[in-house]
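For clarity, every value in this text was computed on a predicted model and none was experimentally measured. A note on names: the letters A, B, ... follow the listed sequences, proteins ahead of strands, and every chain is numbered from 1.
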Amino acid sequence: MTRTPTVAARTAGPGQRLTLLRRMLLIRRFEERCVELYSAARIRGFMHLYIGEEAVATGVMAALTPDDAVVSTYREHGHALARGVSADAVMAEMFGRVDGCSRGRGGSMHLFDAGARFYGGNAIVGGGLPIAVGLALADALTGRHAVTACFFGDGAVAEGEFHECLNLAALWRLPVLFCCENNQYAMGTALDRAQAVTDLAHRAGSYGMTARAVDGMDVEAVVQAARQAVRAVRGGHGPRFLELQTYRFRAHSMYDSDRYRDKAEIARWKLRDPIELLCARMRGDGQLEAADLAGLDAAVTADVDAAVAFAERSPAEPVTDLTRFVHSERRGTR
Amino acid sequence: MAEMMTLGKALNAGLRKALEDDPKVVIMGEDVGKLGGVFRITDGLQKDFGEDRVMDTPLAESGIVGTAVGLAIRGYRPVCEIQFDGFVFPAYNQIVTQVAKMHYRSLGRLRLPIVIRIPYGGGIGAVEHHSESPEAYFSHTPGLKVVTCSNPSDAYTMIQQAIRSDDPVVFFEPKRRYWEKGEVEFSDFPLHASRVVREGTDATVLAYGPMVKVATDAASAAAEDGRSLEVIDLRTLSPLDLGPVYASVRKTGRCVVVHEAPGNLGLGAEIAARVTEECFYSLEAPVLRVAGYDIPYPAARVEEEYLPDLDRVLDAVDRAFGW
């Protein structure tokens, strides 16, 4: 059954709100556990946390169908979980185990799940944009009415690929939803220190596509904006661009001393914690009791516990297999 | 006066000296200013030399290198930092099509004294894009000079020499050695020269960048078994300086080349060919290579399996003796 998008009301129903809340909570608790596991050297490699930005992935994914595609960044644990890649498979990937969504070869920055049409994290800033344009071109050529949602950060706007890809997608009227997660910093460099024009939606608009800025801390605002944009893209009106204004509460990565941000600025953004915001709104509308929240929290914590146990049970790929899949393997040849 | 400092700190000191010595030297790159670079190699330089000389750029590697071409044409000496090895590829077009060819194309009228600094290699628990050794791509391109340092003193000296060079220099920094300390003193030893770092008589081991320590460690281990290895730090990858290598191989009759980059068409292949051409009648065994495997750089969990280590070097030496 295809879901017919309706004009989203400002206030979603209590059922949908609970779903959104649960997804955001899962991402938050999952990553908090990852921090502990990283400190214990159970997770290795680089790791970039999404804490504070959960409303963006959660809101955009809620507007997509399973047929749509997602292209992501290196800060993509939240994207993968919100897209429906199982917490088990993501955690096993973090551990580098064979039951990870990339068989343990990718790790934190390279989550990939073709089944979920989740076409990967990417450690190259802006590297995913051309891939998304290609996916959308393929859909357009084959007449599929699918949308490709392409996530990237504000840092990517400076890359040449950003401009090449917005131009191509607009020129060819491709079904791409560009989702710019503007968390205000390209790693350690503030937006206004890296961009001559900091109104990113305005810049995207210059390529001839409808572009708008959205409060990325308000998950319902994200859902509403994403639904509108997805409807237009699916309807054949070419690409759309959303600038989702958000903030990461933690440092860029586990190695970052975060000395380029003002503590007061971080504290100010934390007052707009997307989970707290939704909870407060639900409480105000009589949709959330303290016990409900505790129950929800216990449930997602149990999911994370199970994911860790799953990851620990999963074996690592034998070192002798490392030479496999450098090239495609036809049956009978190695 | 020799001073003890880490390789990273030595690079910082070398860059500082270059900024002091020549007002046309500018540093540009992602996070090099306020943050001081991911590996803190440019720490404090923007504060002391100002934002016009140590420039934070957007994430635009092609733009960084392309802008440096314009600056160099106008008489500046830009030093571009590429944050990680794998991030150089968006700039590859500019480096290969412009930086390497401008001098040749203008019949020498335009000089491009650009230094492109690239932290490279593995061993820090990272993955692909953050642990790679792409030196062969650049060494293969006529018009570029490619060097790599293996110790703090060379880091301090070579970065200054590279900046003073009138040619574009791709400067590879062994990122896993950033934190290793040594005595630092400016040296007159030429930039494009290899150096015997340990003398020996039984076999010649060639290495560069992060693998020099592995090679000298292997030589120490071999010495305990009564085998004397001569270790040469190549230092310059393009042009190669193989004179000291030929002299060594004519003495030892055996040669092992070590690098982290995949073996297939790596620097070791070129070196093996040239040593064979020059020292054919002195060789007791084929030139052997110890290299990374021909796979994309693997996950952090298994990088120790991928990286050449003491045992693999000693095994190659054994094979050279068993030939």
Side-chain angles (χ1 to χ4, degrees), chain A residues 41 43-46 74 93 95-97 100 102-110 122-127 152-163 185-191 193-196 252-260 316-327, chain B residues 29-40 42-43 46 51 55-67 82-94 122 124-132 262-264 292-306:
Chain A
I43 294 173
R44 294 177 58 185
F46 289 168
Y74 57 79
E93 189 58 41
F95 274 65
R97 305 297 173 89
S102 308
R103 279 181 60 85
R105 288 187 172 191
S108 166
M109 294 193 283
H110 297 278
N122 196 319
I124 299 296
V125 172
F152 51 91
D154 48 291
V157 174
E159 293 280 7
E161 281 167 327
F162 171 85
H163 301 277
Y185 287 84
M187 210 181 95
T189 301
L191 185 68
R193 291 173 59 82
Q195 303 286 343
H252 163 74
S253 73
M254 300 304 286
Y255 289 108
D256 175 19
S257 54
D258 204 359
R259 59 183 183 177
Y260 46 84
E317 185 181 28
V319 169
T320 47
D321 278 2
L322 281 180
T323 51
R324 296 193 59 194
F325 307 116
V326 177
H327 301 290
Chain B
E30 296 156 5
D31 294 307
V32 298
K34 198 170 182 198
L35 182 69
V38 164
F39 293 105
R40 304 290 179 265
T42 54
D43 202 16
Q46 188 183 64
E51 295 190 10
M55 296 179 261
D56 276 319
T57 66
L59 304 191
E61 292 80 10
S62 183
I64 293 166
V65 172
T67 306
I82 301 294
Q83 201 161 64
F84 280 91
D85 34 72
F87 300 1
V88 74
F89 296 112
Y92 189 70
N93 171 37
Q94 283 289 331
I124 65 160
V127 287
E128 58 170 305
H129 303 156
H130 296 80
S131 299
E132 297 166 6
N264 184 42
Y293 299 110
D294 293 326
I295 60 173
Y297 198 89
R301 180 175 55 78
V302 289
E303 71 173 342
E304 291 83 0
E305 303 282 348
Y306 175 87

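Close placement of the A/H252 and A/Y74 rings is indicated, their centers lying within 6.0 Å of each other. If you look at B/F84 and B/F39, their ring centroids are closer than 6.0 Å.
The residue among B/V127, B/T57, B/I124, B/D56 with the most heavy atom pairs within less than 4.5 Å of chain A is B/D56. Options B/A126, B/P296, B/A299 differ in how many heavy-atom pairs under 4.5 Å they form with chain A, and the most are formed by B/A126. For the set B/P298, B/P58, B/G86, the entry with the most heavy-atom pairs within less than 4.5 Å of chain A is B/P58.
For A/E317, the parts sitting under 4.5 Å from any heavy atom of chain B are the backbone and the side chain alike. Only the backbone of A/R105 comes within contact range of chain B, with heavy atoms under 4.5 Å apart. Residue contact with chain A, scored on non-hydrogen atoms closer than 4.5 Å, involves the side chain of B/E51 exclusively.
Formation of a donor-acceptor pair under 3.5 Å by the B/Q94 side chain with backbone atoms of B/S62 is not found in this model. In this structure a side-chain-to-backbone donor-acceptor pair under 3.5 Å is present from A/E93 to A/G106.
In this model, a donor atom of one side chain and an acceptor atom of the other lie less than 3.5 Å apart for B/Y297 and B/E303.
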